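Down below is the structure, laid out as structure tokens.
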Amino acid sequence: MEHIELFLKSIFIDNLIFATFLGMCSYLAVSKKVTTAIGLGSAVIFVLAVTVPLNWLLDQYILQEGALAWLGPEYAEYDLGFLSFILFIATIATMVQLVEIVVEKFSPALYNSLGIFLPLIAVNCAILGGSLFMQSREIPTLSLATVYGLGSGIGWFLAILAIAAIREKIKYSNVTPALRGLGITFIITGLMAIGFMSFGGMLTGGSEEAKEVKTATIESNPSEDGNETTKQVKETKSIAGNNIKAIK
């Protein structure tokens, strides 16, 4: 359940585009056609799904304070956290170079259409942001880090695919000349971000305390006419709580 919740949160609630506005440069530049948006979005999914768990391993076993204890007790006091940015970017650049080689080999048309923005994935703030968010949120396990990276990539993919589809259709719309191009694109992106905010209540849960029932039985003394009367008084207490947990 925890994996599903994190997966849905990373796609809809903590969407890298609509929640944090990371990766906007390639989001705006490569979203003119659906085909190029699909290609770049797929590359981002792959890079995030691979780099986030790899950087989790680096963070857990090399960068954190005491992470080098597996080398021996004399290394337990080392803290290499200041190397996080360098190692994270090196990992990302390696994966991006691999993606670039594969795309150029198997899809030269897509490689040419993406142009400079394919190698620029290495410096895409959305890619680095995924690893930094993983680190700051202290994701506990490798499987959760993989789920988070995959979900973040899918969320970015859905964002660029949606805006590309809208921009293809909006070419045939009567848009005010002053808003044509990036103007109307920014407006649509803002409206889509507001729409994605509604998913914030999707994973909202509540806890209802169990109802407490207390029954008291009072037996009265025999009455004067000789008839025994038993009176039962039932007291019921209901305690209902609805605690709303806010998902950031």
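If you're wondering where the values come from, they're calculated on a predicted model, not measured in any experiment. We're numbering straight along the sequence, starting at 1. Reckoned from all heavy atoms, side chains included, excluding hydrogens, waters and symmetry mates.
Following chains of ILVMFWY side-chain contacts shorter than 4.5 Å, one cannot reach Leu16 starting from Ile194, and the two form parts of different hydrophobic clusters. Under the 4.5 Å side-chain heavy-atom criterion for Ile, Leu, Val, Met, Phe, Trp and Tyr, Ile86 and Phe82 are members of the same hydrophobic cluster. One hydrophobic cluster, built from ILVMFWY side chains closer than 4.5 Å, cannot hold both Ile17 and Met197; they sit in different ones. Ile139 and Tyr61 fall within a single hydrophobic cluster, where Ile, Leu, Val, Met, Phe, Trp and Tyr side chains are chained together by heavy-atom contacts under 4.5 Å. A continuous path of hydrophobic side-chain contacts links Leu58 to Leu83 [ILVMFWY only; heavy atoms under 4.5 Å].
Applying the ring-ring contact (aromatic ring centres under 6.0 Å, His included) rule to Tyr75 yields the partners Tyr78; only residues at least two apart in sequence or on another chain are considered. Contacts of Phe88 classified as ring-ring contact (aromatic ring centres under 6.0 Å, His included), with partners at least two apart in sequence or in another chain: none. Residues passing the side-chain contact (heavy atoms from CB on, under 4.5 Å) test with Glu2, sequence neighbours excluded: Leu144. For Thr146, the side-chain contact (heavy atoms from CB on, under 4.5 Å) criterion is met by Pro53, Leu142, not counting sequence neighbours. Qualifying side-chain contact (heavy atoms from CB on, under 4.5 Å) partners for Ile11, counting only residues two or more places apart in sequence or in other chains: Phe7, Ile154, Leu158. The side-chain contact (heavy atoms from CB on, under 4.5 Å) check on Ser42 picks up Ile38, Phe157, with sequence neighbours excluded. Contacts of Ser143 classified as side-chain hydrogen bond (donor to acceptor under 3.5 Å, both in side chains), with partners at least two apart in sequence or in another chain: His3, Thr141.
Counting all heavy atoms, side chain and backbone alike, Ala159 lies closest to Asn15 at CB-OD1, 4.2 Å. Taking each heavy atom of Lys32 and Glu168 in turn, the nearest pair found is O-CG, 3.6 Å. Shortest non-hydrogen contact noted between Ile163 and Ser31 is CG2-CB, 3.5 Å.
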Validation: residues 102-112 side-chain donor-acceptor distances under 3.5 Å, sequence neighbours left out:
{"unit_1": "Tyr111", "atom_1": "OH", "unit_2": "Glu100", "atom_2": "OE2", "d": "3.3"}
{"unit_1": "Asn112", "atom_1": "ND2", "unit_2": "Pro108", "atom_2": "O", "d": "3.1"}

Distance-only donor-acceptor pairs under 3.5 Å for side chains of residues 118-135, two or more places apart:
{"unit_1": "Asn124", "atom_1": "OD1", "unit_2": "Ala126", "atom_2": "N", "d": "3.0"}
{"unit_1": "Asn124", "atom_1": "ND2", "unit_2": "Ser26", "atom_2": "OG", "d": "3.3"}
{"unit_1": "Ser131", "atom_1": "OG", "unit_2": "Asn55", "atom_2": "ND2", "d": "2.7"}
{"unit_1": "Gln135", "atom_1": "NE2", "unit_2": "Asp59", "atom_2": "OD1", "d": "2.9"}
{"unit_1": "Gln135", "atom_1": "NE2", "unit_2": "Ser84", "atom_2": "OG", "d": "3.2"}

Identify all side-chain donor-acceptor contacts of residues 171-193 below 3.5 Å with residues at least two apart in sequence or on another chain.
{"unit_1": "Arg180", "atom_1": "NE", "unit_2": "Val175", "atom_2": "O", "d": "2.9"}
{"unit_1": "Arg180", "atom_1": "NH2", "unit_2": "Val175", "atom_2": "O", "d": "3.3"}
{"unit_1": "Thr185", "atom_1": "OG1", "unit_2": "Arg167", "atom_2": "NE", "d": "3.4"}
{"unit_1": "Thr185", "atom_1": "OG1", "unit_2": "Gly181", "atom_2": "O", "d": "2.8"}
{"unit_1": "Thr189", "atom_1": "OG1", "unit_2": "Tyr27", "atom_2": "OH", "d": "3.2"}
{"unit_1": "Thr189", "atom_1": "OG1", "unit_2": "Thr185", "atom_2": "O", "d": "2.8"}

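Here CD1 of Ile62 is found 7.0 Å from CG of Leu68. Values are rounded to the nearest 0.5 Å. Remark: Tyr148 OH to Asp14 CG distance equals 6.0 Å, nearest 0.5 Å. Here the NZ atom belonging to Lys9 is positioned 7.0 Å from the CG atom belonging to Leu6, to the nearest 0.5 angstrom. With rounding to the nearest 0.5 angstrom, the CG atom of Leu40 is 10.5 Å from the CD1 atom of Ile45. For the atom pair CZ of Phe46 and OG1 of Thr51, the computed distance is 9.5 Å after rounding to the nearest 0.5 Å. Rounding to the nearest 0.5 Å places CG of Leu80 at 10.5 Å from CD of Glu65.
Taking 4.5 Å as the limit, some side-chain heavy atom of Leu114 sits within range of a side-chain heavy atom of Val30.
In this structure, Ser198 contributes its side chain and Gly195 its backbone to a donor-acceptor pair below 3.5 Å.
Within a 6.0 Å sphere centred on CD of Glu77, other residues, nucleotides and ligands contribute 12 heavy atoms or fewer.
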